[in-house]
A.B. asks: 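Just dropping this structure here.
Indexing begins at 1, ligand by ligand and atom by atom, following the structure's order. Quick note: numbers below take in every heavy atom, side chains included, and nothing from hydrogens, waters or symmetry partners.
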Amino acid sequence: MTEPAAVEPDRARPRVDAFRAPKGTRDLLPPVSARHRRLVARFAELAGQAGYGEVVVPMFEELGVFSRLGEATDVVTKEMYDFVDKGGRRMALRPEQTASVVRAFVEHRPSTPWKAWYAGPNFRYERPQKGRHRQFDQVGIEVLGVDDPHADVEVVALAWRFLVAMGLRRVTLKLNSLGDAGDRARYSELLRAHFEAVAGELSPAARETLERNPLRVLDSKRPEDAAAIAAAPSILDSISAAAAAHLDEVRAGLDALAIPYALEPRLVRGLDYYRRTTFEFAGDALDGAQDALGGGGRYDGLVEALGGPATPGIGFALGVERILLAVEAEDAAADPVPAVAAFVVDTTGGREATVLCDALREAGIGADRAWDGRSLKAQMKAAGQSGATVAVIVGERELADGTAIVRDLRASEQAAVPRGDVIDHVRKLVSPT
Ligand code: HAM
């Protein structure tokens with residue numbers, strides 16, 4: 001007798017290759033997603049305490065909003081996710097949020113000082129590597145309408161205090177001033193002359209950058225360019241007396257707060273809107289190429305460039321992924337917070353777990369359970385893995401008695417408790433004070 005042909009449904013159907021997250025993006029799964037959320041919550045708390053209100057701007061804007069970041073910056077020329085929408089408009093996914101916040105300021109004209117904080121994803125078509133993604137998250141603040149150098153100090157200090165609150169200790173604050181608009185242009189020409197004189201020693205990439213924007217050559221991390229960069233004139237010799245006095249006041253403010261910084265005359269930042277104060281935080285536990293935890297500065301001409309009245313502005317953005325990498329590298333992670341306080345184990349079919357979980361959650365106690373009628377042993381194992389400190393156990397006997405066993409998983413002690421007292425009993429164990 002011949003065997004009937006085996007039906008192999010997987011072969012009969014056309015194969016579909018499994019999809020993956022787009023290059024440069026990541027799915028955030030627990031526990032990483034929880035770390036992101038906690039980071040943003042902590043930032044919101046600190047910003048709120050300092051008088052900042054949350055601003056949520058769209059994830060895409062008209063392309064022109066972002067062109068103001070600088071026609072000669074990589075962010076605009078090479079990395080923009082721009083597209084034409086179905087209405088024929090040229091749009092772009094936001095590569096950062098300062099330009100959008102300023103666009104919102106110009107559109108809504110809130111009274112100044114306007115102190116805004118934000119959090120959310122940004123998009124840059126970069127070459128992905130550790131700590132560099134095509135979709136990445138930032139938290140940041142912007143202050144509009146204040147010239148006062150003490151606002152610069154408040155902004156820098158908020159970022160510093162936040163990084164410290166995240167447990168980071170190995171952070172270097174780099175501080176510089178790019179002077180006023182005229183200073184910057186003058187310095188740019190000095191730099192051009194300097195680099196053109198030694199162009200033969202520069203890397204081809206730096207020579208190309210030099211044509212577009214001499215300031216950006218200072219960003220080069222290539223060893224061939226190091227000597228020419230070290231010999232370059234300092235911007236601090238080119239800035240106006242007013243900009244120099246502003247920088248002195250910022251430095252005095254940071255000293256008064258005992259926030260350490262390194263003066264870095266070669267810090268130019270990757271966006272073109274900066275004037276006067278600029279700063280960056282380097283994570284010293286991270287790889288050199290991706291060690292910028294965040295940065296910011298003044299952008300006193302940006303509001304006008306986006307069609308608003310002359311208004312000074314200053315802010316920063318910090319990279320969420322970079323901070324979490326630094327926290328990991330410094331081993332500074334706070335103890336993981338258990339997702340739930342109680343785990344309900346039900347060996348009577350599952351309905352008791354449904355009722356108890358609902359009652360615990362209604363009482364404000366985080367609770368979880370197992371599914372599909374698993375064995376007592378499997379459910380106790382799941383309770384252990386959940387991170388819960390208490391297990392509430394119901395078997396046939398407890399169901400008949402109208403009780404439940406409440407087990408302290410840390411102390412391995414347990415007691416049979418009348419069903420009506422379970423919530424109070426669990427509450428005492430999970431918050432003993
Ligand atoms: P930015 O220096 O371009 O500044 O970005 C700030 C931070 O975002 C960086 O230091 C880094 O931590 C993170 N970041 C940037 N690109 C990526 C990427 N591809 N993958 C992962 N993280 C990244 C700004 O965005 C300005 N808007 C800051 C600012 C606010 N200036 C004034 N106000």
A.B. asks: Go through the steps to decide whether Tyr299 and Tyr274 satisfy the test ring pair (Phe, Tyr, Trp, His ring centres under 6.0 Å), and finish with yes or no.
C.D. replies: CA-CA 5 Å; Tyr299 43 84; Tyr274 293 111; 7.2 Å; no

A.B. asks: Under 4.0 Å from ligand 1, counting heavy atoms only, is it the side chain of Phe136, its backbone, both or neither?
C.D. replies: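 It is the side chain that gets close, since no backbone atom is under 4.0 Å.
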
A.B. asks: Heavy-atom distances under 4.0 Å decide this one: backbone, side chain, both or neither, for Glu142 against ligand 1?
C.D. replies: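 Side chain only.
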
A.B. asks: List ligand 1 atoms under 4.0 Å from Ala317, heavy atoms only on the residue side.
C.D. replies: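 Counting atoms of ligand 1 from 1, those under 4.0 Å from Ala317 are 6 (C), 7 (C), 28 (C), 29 (C), 30 (C).
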
A.B. asks: What do the steps show when you test Arg212 against Glu208 for salt bridge (Lys or Arg N to Asp or Glu O under 4.0 Å), and what is the final call?
C.D. replies: CA-CA 7 Å; Arg212 289 186 291 129; Glu208 198 228 325; 3.7 Å; yes

A.B. asks: Could you identify the single nearest non-hydrogen protein atom to atom 13 (C) of ligand 1 and state the distance to 0.1 Å?
C.D. replies: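 Sorting protein heavy atoms by distance from atom 13 (C) of ligand 1 puts Gly319 CA, 3.7 Å first.
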
A.B. asks: If you look at every heavy atom in Leu69 and Pro95, which pair is closest and at what distance?
C.D. replies: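 In this case the closest contact between Leu69 and Pro95 is CD1-CG, 3.9 Å.
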
A.B. asks: List every atom of ligand 1 that sits less than 4.0 Å from any heavy atom of Gly131, numbering the atoms from 1 in the order shown and giving each element.
C.D. replies: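 The atoms of ligand 1 under 4.0 Å from a heavy atom of Gly131 are 20 (N), 21 (C), 22 (N).
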
A.B. asks: If the contact criterion is a heavy-atom separation under 4.0 Å, does Gly295 count as touching ligand 1?
C.D. replies: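 Yes.
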
A.B. asks: Identify whether the distance between the nearest side-chain nitrogen and carboxylate oxygen of Arg170 and Glu330 falls below 4.0 Å.
C.D. replies: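 Salt bridge: no.
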
A.B. asks: In this structure, does ligand 1 have an atom that sits under 4.0 Å from one of the heavy atoms of Tyr118?
C.D. replies: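 The answer is yes: ligand 1 sits under 4.0 Å from a heavy atom of Tyr118.
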
A.B. asks: Output yes when Arg216 and Asp219 qualify as a salt bridge under the 4.0 Å nitrogen-oxygen rule, no when they do not.
C.D. replies: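 Asp219 and Arg216: salt-bridged.
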
A.B. asks: State if Tyr274 counts as touching ligand 1 under the rule of any non-hydrogen atom under 4.0 Å.
C.D. replies: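 Within the 4.0 Å threshold, so yes.
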
A.B. asks: What atoms of ligand 1 come closer than 4.0 angstrom to any heavy atom of Arg269?
C.D. replies: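 Near Arg269, meaning under 4.0 Å from one of its heavy atoms, ligand 1 has 1 (P), 2 (O), 4 (O), 28 (C).
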
A.B. asks: What atoms of ligand 1 come closer than 4.0 angstrom to any heavy atom of Gly294?
C.D. replies: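 Those qualifying, in numeric order: 7 (C), 10 (O), 12 (O).
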
A.B. asks: Under 4.0 Å from a heavy atom of Tyr273: which atoms of ligand 1 are those, numbered in the order shown and with their elements?
C.D. replies: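 Near Tyr273, the atoms of ligand 1 are 26 (C), 27 (N), 29 (C), 31 (N).
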
A.B. asks: Got a salt bridge between Glu61 and Arg103, using NZ or NE/NH1/NH2 to carboxylate O under 4.0 Å?
C.D. replies: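 Looking at Glu61 and Arg103, the cut-off is met.
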
A.B. asks: Using heavy atoms and a threshold below 4.0 Å, how should the contact between Leu271 and ligand 1 be classified: side chain, backbone, both, or neither?
C.D. replies: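 Under 4.0 Å from ligand 1, Leu271 contributes side-chain atoms alone.
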
A.B. asks: Does any N or O atom in Ile314 lie less than 3.5 angstrom from one in ligand 1, N or O only?
C.D. replies: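 Among all N and O atoms of Ile314, none is under 3.5 Å from an N or O of ligand 1.
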
A.B. asks: Using a strict cut-off of less than 4.0 Å between a Lys/Arg side-chain nitrogen and an Asp/Glu carboxylate oxygen, indicate whether Arg90 and Glu62 qualify as a salt bridge.
C.D. replies: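 No salt bridge links Arg90 with Glu62.
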
A.B. asks: List the closest protein heavy-atom neighbour of atom 20 (N) of ligand 1: residue, atom name, distance to the nearest 0.1 Å.
C.D. replies: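 Residue, atom and distance for the closest contact: His133 N, 3.0 Å.
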
A.B. asks: When you look for heavy atoms under 4.0 Å from ligand 1, do you find them on the side chain of Tyr125, its backbone, both, or neither?
C.D. replies: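 The answer is neither; Tyr125 stays 4.0 Å or more away.
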
A.B. asks: Give me the residue, atom name and distance of the protein heavy atom closest to atom 27 (N) of ligand 1.
C.D. replies: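 Here the closest protein heavy atom is Glu96 OE1, 2.4 Å.
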
A.B. asks: Heavy-atom distance to atom 7 (C) of ligand 1: which of Arg94, Glu79, Arg124, Gln138 wins?
C.D. replies: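 Residue with the shortest heavy-atom distance to the ligand atom: Gln138.
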
A.B. asks: Give the atom numbers and elements of ligand 1 that come within less than 4.0 Å of a heavy atom of Ala292.
C.D. replies: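 Ligand 1 atoms under the 4.0 Å threshold to Ala292: 10 (O), 11 (C), 12 (O).
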
A.B. asks: Starting from atom 32 (C) of ligand 1, what is the nearest protein heavy atom, named by residue and atom, and what distance separates them?
C.D. replies: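 Result: Gly315 O, 3.3 Å.
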
A.B. asks: Relative to the heavy atoms of Tyr299, which atoms of ligand 1 are at a distance of less than 4.0 Å?
C.D. replies: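 Here the atoms of ligand 1 in question are 32 (C), 33 (N).
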
A.B. asks: Looking at Arg276, Arg251, Arg275, which hits side-chain hydrogen bond (donor to acceptor under 3.5 Å, both in side chains) with His246?
C.D. replies: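 Considering Arg276, Arg251, Arg275, a side-chain hydrogen bond (donor to acceptor under 3.5 Å, both in side chains) with His246 is found only for Arg276.
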
A.B. asks: Return the closest protein heavy atom for atom 19 (N) of ligand 1 as residue, atom name and distance.
C.D. replies: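 For atom 19 (N) of ligand 1, the nearest protein heavy atom comes out as Glu126 OE2, 2.5 Å.
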
A.B. asks: Does this structure show an ion pair linking Arg192 with Glu189, if we count only N-O contacts that are shorter than 4.0 Å?
C.D. replies: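 Yes, charged N to carboxylate O under 4.0 Å.
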
A.B. asks: Just which atoms of ligand 1 are under 4.0 Å from any heavy atom in Thr98?
C.D. replies: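 Near Thr98, meaning under 4.0 Å from one of its heavy atoms, ligand 1 has 26 (C), 27 (N), 29 (C), 30 (C), 31 (N), 32 (C), 33 (N).
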
A.B. asks: Could I get the full list of side-chain hydrogen bond (donor to acceptor under 3.5 Å, both in side chains) partners for Thr354, not counting sequence neighbours?
C.D. replies: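 Thr354 satisfies side-chain hydrogen bond (donor to acceptor under 3.5 Å, both in side chains) with Arg369 only.
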
A.B. asks: Taking NZ, NE, NH1 and NH2 as the nitrogens, is one of them in Lys115 or Glu154 under 4.0 Å from a carboxylate oxygen of the other?
C.D. replies: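 So Lys115 pairs with Glu154 through a salt bridge.
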
A.B. asks: Please state which part of Phe281 comes within less than 4.0 Å of ligand 1, counting heavy atoms only: side chain, backbone, both or neither.
C.D. replies: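 None of Phe281 does.
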
A.B. asks: Is any side-chain N of the basic residue among Lys130 and Asp287 closer than 4.0 Å to the acidic one's carboxylate O?
C.D. replies: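 Between Asp287 and Lys130 there is no salt bridge, as every charged N stays at least 4.0 Å from the carboxylate O atoms.
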
A.B. asks: Can a salt bridge be assigned to the pair Asp272 and Arg184 using a cut-off of 4.0 Å between side-chain N and carboxylate O?
C.D. replies: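 Salt bridge present between Asp272 and Arg184.
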
A.B. asks: Salt-bridge test for Asp408 and Arg410: reply yes if a basic N is under 4.0 Å from a carboxylate O, no otherwise.
C.D. replies: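 Result for this pair is yes, salt bridge flagged.
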
